[in-house]
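Each chain gets a letter, A, B and so on, in the order its sequence line appears, and its residues count up from 1. None of the values given here were measured: they were computed from a predicted structure.
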There are 2 protein chains.
Amino acid sequence: MIQLFQGIDDEGLKRLAQCMRMRITNFQSGEQIAQLGTIIEKVGILLEGTAHIEMSDADGTCTRVQSLLSGDVFGELFFLPHEDRFCVVEADTPCRVMFLDWKHVIRPCPQSCDPHGRLIANLFQLAAEKTRQLSAYTDILSQRTMRQKLLTYFSTLSRETGSRTITLPMSLAALSEYLCVDRSAMMRELKSMRQEGILEADRRVITLKKL
Amino acid sequence: MIQLFQGIDDEGLKRLAQCMRMRITNFQSGEQIAQLGTIIEKVGILLEGTAHIEMSDADGTCTRVQSLLSGDVFGELFFLPHEDRFCVVEADTPCRVMFLDWKHVIRPCPQSCDPHGRLIANLFQLAAEKTRQLSAYTDILSQRTMRQKLLTYFSTLSRETGSRTITLPMSLAALSEYLCVDRSAMMRELKSMRQEGILEADRRVITLKKL
DNA sequence: ACAGAACTGTGGGAAATGCAACAGCATTGG
DNA sequence: CCAATGCTGTTGCATTTCCCACAGTTCTGT
């Protein structure tokens, strides 16, 4: 199920395809799907496969800044790169990608078709979700101590799943990068949190004991 | 000049006002302008005055998470609060605020009027700008050392103004909070950066000497 | 089944950062 | 003009975090 097309039936999709000149392209693993500039030009929807956005720093180092899964929407709307940086979307596995022209999206079609309005609403919904994720992330990073970073992240996960026991969606090594802290220091911190009875931790499975 | 209405003339504004049931309300200092829920309901535009968004934490502490100036747009689209948090917009000075109903914004009017499309495009533009700001901020916070945080922030400012000499838009004390570091530690770091010839710093005026 | 790679867990020592406290300067409002 | 307040700049000391190194485990592809 693709969120972007939620509430739009096949009939509507066909009309939309005409309205906004949809085109679908296939990419192989490692192939470049798009480059992101500083103005909004295109909207991409990953129909199948996995990909990621990577950013070249001024000094040449590449950083993977975002992972994209099936159904994800990407483009300048959702990730406007900084001016002096080079930003590309690259396929991790074979991908099937749909592109829309931005200018056709925002220009309501003459018939003012219903699916079009729906699509725009969905796009906004996705944009809002994006900012929510980003602000949740800054919420974590703005914590001063590592313990607070960890607890902020864990309680977000716990809230989302509705359970005190959570399974991390990434390796502990990746978690340390996500939190922007040293891995060994994080292990040490987890250890002392365990000793203080704040949580139980066995590899990726964490159980929060106190609030 | 209000960005949201860029490219729309008075004639168009009048039509829009009908289309989407614009209404304008005045607020006094300290008055609550709106509460932000978890679904998109309204779009607010601050026409005059200054305000801020504050978030009540689970433990009751209030944090000012965003300042709003004349022309700023707020609402769930731009700031979706976390589920268990209570989020309000409050006036700092007397404010004049315009509200639009979200459902009328995304529903293209029967006549498919041109200003409507323009408004939607502007809204997207603003949303994109918001995510850009947020990701610039995470870019800073994700730096591991204070020096890198400072340099990342300074070079962003420098890039924006196109000059190597920048004037901080806030006090040094506020800057330390923005960067989520200790103020005295930051002063110390600025001092050693000055001594190493990386920059010149006199109060809020900073000159970058090396890249 | 095996080799290689990635991940987890631990520790010592170095470096960075935070905390607390204080003094001088600038700004503001009566 | 003065007092009060907030901002800047500095320091000693405690703590946290980082860096590096190593060992055991799990995972992965052949």
Inset, instruction - Would you indicate what B/M186 reaches in the nucleic acid, counting non-hydrogen atoms under 4.0 angstrom: base, sugar-phosphate, or nothing? - result: nothing

Inset, instruction - Provide, to the nearest angstrom, the distance between the CG atom belonging to B/L141 and the C1' atom belonging to C/dT17. - result: 16 Å

Inset, instruction - Please work out whether the ring planes of A/F74 and A/F99 are parallel, tilted or perpendicular, with thresholds of 30° and 60°. - result: perpendicular

Inset, instruction - Classify the side-chain pair A/Q148/A/T145 by whether it contains a donor and acceptor separated by less than 3.5 Å. - result: yes

Legend entry - Degree of bending in the helix from C/dA1-D/dT30 to C/dG30-D/dC1 once both end axes are built from five pairs, to 10°: 70°

Inset, instruction - Find which nucleotide of DNA chain C each of A/L172 and A/R144 is nearest to by heavy atoms, and output the residue with the more 5' nucleotide. - result: A/L172

Inset, instruction - Return the value, rounded to whole Å, for the distance between atom CE of A/M146 and atom P of C/dG18. - result: 13 Å

Legend entry - Sugar-phosphate, base or nothing in reach of B/R204, heavy atoms under 4.0 Å: sugar-phosphate

Inset, instruction - Could you check how far CE of A/M193 sits from C1' of C/dT10, rounded to whole Å? - result: 18 Å

Legend entry - Pair A/K191 + A/E196: basic N to acidic O under 4.0 Å: no

Inset, instruction - Would you mind classifying the nucleic acid contact of A/R183 as base, sugar-phosphate or nothing, using non-hydrogen atoms under 4.0 angstrom? - result: base

Inset, instruction - Classify the side chain of A/S171 versus the base of C/dA6 as yes if they form a donor-acceptor pair under 3.5 Å and no if they do not. - result: no

Legend entry - Sidechain-backbone polar pair: B/S70 side chain, B/L47 backbone, donor-acceptor under 3.5 Å: yes

Inset, instruction - Please state how far atom CE in B/M187 lies from atom P in C/dT17, giving the value in whole angstrom units. - result: 15 Å

Legend entry - Rounded distance in Å - CG (A/D182) to C1' (C/dG9): 13 Å

Inset, instruction - For B/R118 and B/Q6, indicate whether the former's side chain and the latter's backbone hold a donor-acceptor pair under 3.5 Å. - result: yes

Inset, instruction - Would you check if there is a donor-acceptor pair between the side chains of A/T138 and B/T138 at a distance under 3.5 Å? - result: no

Inset, instruction - Could you say whether A/V181 or A/R203 is positioned toward the 5' end of DNA chain D, judged by the nucleotide with the nearest heavy atom to each? - result: A/V181

Legend entry - Distance in angstrom units between A/L168 CG and C/dG9 P, rounded: 11 Å

Legend entry - Spacing between A/E189 atom CD and C/dG11 atom P, to the nearest angstrom: 15 Å

Legend entry - Interatomic distance where CG belongs to B/L190 and P belongs to C/dA16 [whole Å]: 15 Å

Inset, instruction - For DNA chain D, note the earliest and the latest nucleotide, 5' to 3', having some atom under 4.0 Å of a heavy atom belonging to chain A. - result: D/dT17 to D/dT26

Legend entry - ring pair (Phe, Tyr, Trp, His ring centres under 6.0 Å) involving A/Y178 - partner list, sequence neighbours excluded: A/Y137, A/Y153

Inset, instruction - Kindly point out which of C/dC19, C/dG13, C/dT10 is positioned nearest to the side chain of B/R188? - result: C/dC19

Legend entry - Chi angles and distances behind the salt bridge (Lys or Arg N to Asp or Glu O under 4.0 Å) call for B/R23, B/D101: CA-CA 9 Å; B/R23 59 186 193 285; B/D101 261 12; 3.8 Å; yes

Inset, instruction - Classify the nucleic acid contact of A/T145 as base, sugar-phosphate or nothing, counting any heavy atom under 4.0 Å across all strands shown. - result: sugar-phosphate

Inset, instruction - Take A/T131 and B/T131, measure what side-chain hydrogen bond (donor to acceptor under 3.5 Å, both in side chains) needs, and give me the verdict at the end. - result: CA-CA 6 Å; A/T131 64; B/T131 64; over 6 Å; no

Inset, instruction - Indicate the atoms forming the closest heavy-atom contact of A/K149 with A/R144, along with that distance. - result: NZ-O, 4.2 Å

